[in-house]
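Structure first, then comments.
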Amino acid sequence: MRQNKSFIPTLKENPNDAAVPSHILMLRAGLIRTLGAGIYSFLPLGYRVIKKVSQIIREEMDAIGGQEFHLPALNPIEIWQETNRVEAFGDNLFHIKNRDYVLAPTHEEIMTFHARRALQSYKDLPQTWYQIQTKFRNEPRPRSGVLRGRQFLMKDSYSFDSSNENLDASYKLHDGAYRRIFKRCGLEYFVVGASSGAMGGSGSEEFMVQSDAGEDTVAHCKSCGYSANVEVAESVPAVIKFNTEERAVYEISTPNVKSIDELRGFLNIDESRCAKSRIYICNEKPVLVLMSGNEEVNETKLEKALGSAIRPAHPDELKAISGADAGSIGPVGYTGTIIADSRLFGGKNLFSGANKNDFHIGGIDLARDVPRITYYDLRAVKSGEGCIRCGSELGVFTAIELGHIFKLGTKYSAAMGALFKDEAGRELPLVMGSYGIGVERVIACFIEQQHHDENGIKWNKALAPFHIHLLCLNMKKNHLKEISEKLYARLLEKFEVLFDDRPDATAGFKFKDADLIGLPIQVVIGEKKLVENKVEIKVRETGERFDVSLDDLVEKISQLLF
RNA sequence: CGGGGCGUAGCGCAGUCCGGUUAGCGUGCCUGCCUUGGGAGCAGGAGGCCGCAGGUUCGAAUCCUGCCGCCCCGACCA
C-alpha cells in the first residue's frame, strides 16, 4: 500500500486521554480513533491487524471442526427472557428504546435458539459453532483503551454434545485451539483454572497474559505453570524460625503502640515475632483472626475457612468483643472463636495485644496458651514465595483475561428446551460449552507485553498490518524514486508492503513514523547507500541495521521473516 | 454509583485564582522559496459558539447555578 494517499494519521504527541501504553500507541500509530467512552473506530491500519488476528482464530477454529456463523447483534428481548438473563445482566445489557430489542452481549441464547430447531438427534452431534462479532456491554466504567470497551469484538464459539464425556472432548479441542491461537499471535500466556461462577457449569479455564493494565491479580509459576487468582492462590512461604526459649507470658506497657510496625519498633524485635489480630463478624458472631507479623487477611480464604460470609468488625464493636480497641487485641484471654494463619503453627515467644488498651503480651506459646486455635491458610500469596507444586519462585502480578472456556452443561439448553433424542429414544437437553476470545485484547495485550518501546510498536510477522515498511527517503530525486518503485513492485510479489512514498516528508520524519507504526522490517532507500547499489534494512524488534545489496534484498528479508 | 482531575484551533498546552485591548504559545495545515539519513529552515497565511444552557455585571474563557462529555482511583465486571 502506498502511504502517500493512505489514511494513517500518526500523532507526534501523546493524546491527552490515554494512559496505558497500548492505548497511547494505538492512537499514535493511527490504528484507532475514539468515538466515545469505550467506543473505538478501527482505521485502515488497525483493521488490518484485526483481520490478522481474526484469521489466525478462524484457521484454528476451523481446524477443530468449527463452523463460522454471522449472527445479529440486535436480539428480540424475549429470547433473553427465556434464560432469565435480562435480569442477570441487569444494567450491563444495552436495551433498545423504541422496540423490544437488546444488543447482544454474548450469544448463548441465539446459538441455542438455532440449535433447538436444528439439532434433534444424537446423530447430529457434536457441533461447534462460532462467530467473530461485535458484542455490546454497558460497562459502568470503560477503561484502558480497547481493553475494556462498551463495544468489542469477540470470537465466541459454542459446542453441542450428547453427553458430559463428549463435552469434555469438545472442551479439550478448544483448549488446544486456544493454546495454538495465542502462541501463533506471539503472546506469552498462561492458564488459570477458575470456578465458573455465574455462568454455571462444571469447569472453566481463563487464558491470561501479564499486564500492568490488568484487572486481576494472579500468582503464576513459570516453571510448572501453576496459576491461580491471588484470592485463592496458595504458596509455600518461608518458614518462620520461632524463638524457642521457654518462658511464661508477661504483660508489657506499650503506650500508644497500635500498629505492628510500631510494636516492632517499640520492642526492637523482628516482625515475625508479632501476631496480628483482626476481628471479623461471621454469622453475627465475632471471630479473632491471627496473622503472622503484618500480613493481611485474605478475606476470600477466610470465608472459605469459616464456610460463610464475613465482614470486618466495626471499630465501635471491638471493645465490647475483646475489651480493647484495635491495636491492643490479642489471643491470650480472648474467649471467642480464634483461627490463625497456618504460618503461625508452633509459634512460641510471640508478642500480641493484651485485650487491654496500651498493653501487649509477650512470651506467648500458641500451643500452650491458646490451645483452641484452628489453623488455615489465610494469607495472600506474595511474589517470591515457593510454588506449592514445584517449589520454584512464584510471581504475583496483574493480568488480563484474553480468553475463557466454559463447560456450560445444560443450563441454557434446558431453560430454552433445546432437546435431542439419544440412542435409547430419550429426550435430553443438549450439553453445551461456550468459549470466548477478546480480539482487541489480543492486540492491546500484544503491544503491552514488551512489544513496544519509547518510539512505538514492535509488531511480529503474525500480527503486523504489513510485513515491510519501504522508505524512500527522497521521492523528489528521480533515480531514488525509480529504484524505490521497482523495489516496491518486486517486494509486493512476496510480502505485504507499506511504501512510504510521501514526496514532502523528510527522512527523519519517515524514520520516526516507521518506528511508531512498528512494522517488523524497514527497508531504507537513500542516496548514501545506493551509490554502492545497497539499501539499509532495519529490524524493528532489535534495532539492528545493516546494508544489503539490491540483488540480495528479497532473499535476506525472507530469511528475516520466515 | 462514590472520590479526584480535565474540557480554550486538527493535536499538545498557557490564560481562569484577582472579570477589562483584536484570546495566546508549540506543533500540524495552506502558499512560496529552500531542504531530504532521525519529527529541517525562512517568509507569508488560514483556522476558535473558550463543552452546553442559564444567571451576575457596563463588560464573562475568567464569577455563580445547572447540565453534558472525557480521563484516573474505587465499587462493579464475561
Requested in this report: Taking ring-ring contact (aromatic ring centres under 6.0 Å, His included) as the test, write out the residues that go with F69(A), two or more places apart.
Outcome: W129(A)
Query raised in the report: For H469(A), what residues pass the ring-ring contact (aromatic ring centres under 6.0 Å, His included) criterion, not counting sequence neighbours?
Result: none
Query - Base G37(B) paired with N474(A) side chain (donor-acceptor, <3.5 Å) - result: no
Query - Pairs meeting criterion salt bridge (Lys or Arg N to Asp or Glu O under 4.0 Å) with involvement of residues 431-451 of chain A, two or more places apart - result: none
Report task. Scan for ring pair (Phe, Tyr, Trp, His ring centres under 6.0 Å) pairs involving residues 525-555 of chain A, sequence neighbours excluded, and state none if there are none. Result -> none
Requested in this report: Quickly work out the E527(A) CD to U35(B) C1' distance and round it to whole Å.
Outcome: 12 Å
Requested in this report: List for me each residue that meets side chain to side chain contact (heavy atoms under 4.5 Å, CB included) alongside S259(A), sequence neighbours excluded, and say none if there are none.
Outcome: D261(A), E262(A)
Report task. Please report the C-alpha distance between W459(A) and F446(A) in whole Å, then the side-chain angles of each, then the deciding distance to 0.1 Å, and finally whether the ring-ring contact (aromatic ring centres under 6.0 Å, His included) criterion is met. Result -> CA-CA 8 Å; W459(A) 292 114; F446(A) 177 86; 5.7 Å; yes
**Report entry** For atom CG of L35(A) and atom P of C71(B), their distance in whole Å
**Finding:** 12 Å
Requested in this report: Starting at atom CD1 of I24(A), determine the distance to atom C1' of C72(B), rounded to an integer number of angstrom.
Outcome: 13 Å
Report task. Name the pairing partner of G41(B), where a pair is Watson-Crick or G-U wobble with both distances under 3.5 Å, or state none. Result -> C33(B)
Requested in this report: Please report, rounded to the nearest Å, how far the C1' atom of U36(B) is from the NZ atom of K481(A).
Outcome: 16 Å
Report task. Figure out the CD1/C1' separation between I8(A) and G10(B), and round it to whole Å. Result -> 18 Å
Report summary line: Rounded to whole Å, CG of L11(A) lies from P of G39(B) at a distance of 18 Å
**Report entry** Under the ring-ring contact (aromatic ring centres under 6.0 Å, His included) test, residues paired with Y130(A) that sit two or more places apart
**Finding:** none
Query - R148(A) side-chain proximity, nearest of C77(B), U36(B), C71(B) - result: C77(B)
Could you list the protein-to-nucleotides 27-30 of chain B atom pairs, N/O on both sides, closer than 3.5 Å?
none

Query raised in the report: Could you give the NZ-to-P distance, from K476(A) to U36(B), as a whole number of Å?
Result: 11 Å
Query raised in the report: Counting any heavy atom closer than 4.0 Å, what does D515(A) reach on the DNA or RNA strands: base, sugar-phosphate only, or nothing?
Result: base
Query - Atom pair distance, as rounded to whole Å: CG in D500(A) and C1' in U36(B) - result: 12 Å
Query raised in the report: So what does A18(A) touch, heavy atoms closer than 4.0 Å: a base, only the sugar-phosphate, or nothing?
Result: nothing
**Report entry** I64(A) side, atom CD1; K172(A) side, atom NZ - distance, nearest 0.5 Å
**Finding:** 13.5 Å
Query raised in the report: At their closest point, which heavy atom of G30(A) faces which heavy atom of L45(A), and how far apart are they?
Result: O-CB, 4.0 Å
Can you check nucleotides 44-47 of chain B for protein contacts, nitrogen or oxygen pairs under 3.5 Å, and list what you find?
none

Query - Pairs where residues 69-80 of chain A contributes a residue and the test side-chain hydrogen bond (donor to acceptor under 3.5 Å, both in side chains) is met, not counting sequence neighbours - result: H70(A)-Q133(A), N75(A)-W80(A)
Report task. Go through the structure and list residues passing ring-ring contact (aromatic ring centres under 6.0 Å, His included) with H220(A), not counting sequence neighbours. Result -> F190(A)
Requested in this report: Using only heavy-atom distances, decide whether a donor-acceptor pair under 3.5 angstrom links the side-chain of K510(A) to the base of U36(B).
Outcome: no
Query raised in the report: Restricting to pairs with a member in residues 466-477 of chain A, which pass salt bridge (Lys or Arg N to Asp or Glu O under 4.0 Å), not counting sequence neighbours?
Result: K476(A)-D504(A), K477(A)-E527(A)
Query - Protein-to-nucleotide contact annotation, 5' to 3' order, nucleotides 2-7 of chain B [B base; S sugar-phosphate only; - none; under 4.0 Å, heavy atom] - result: ------
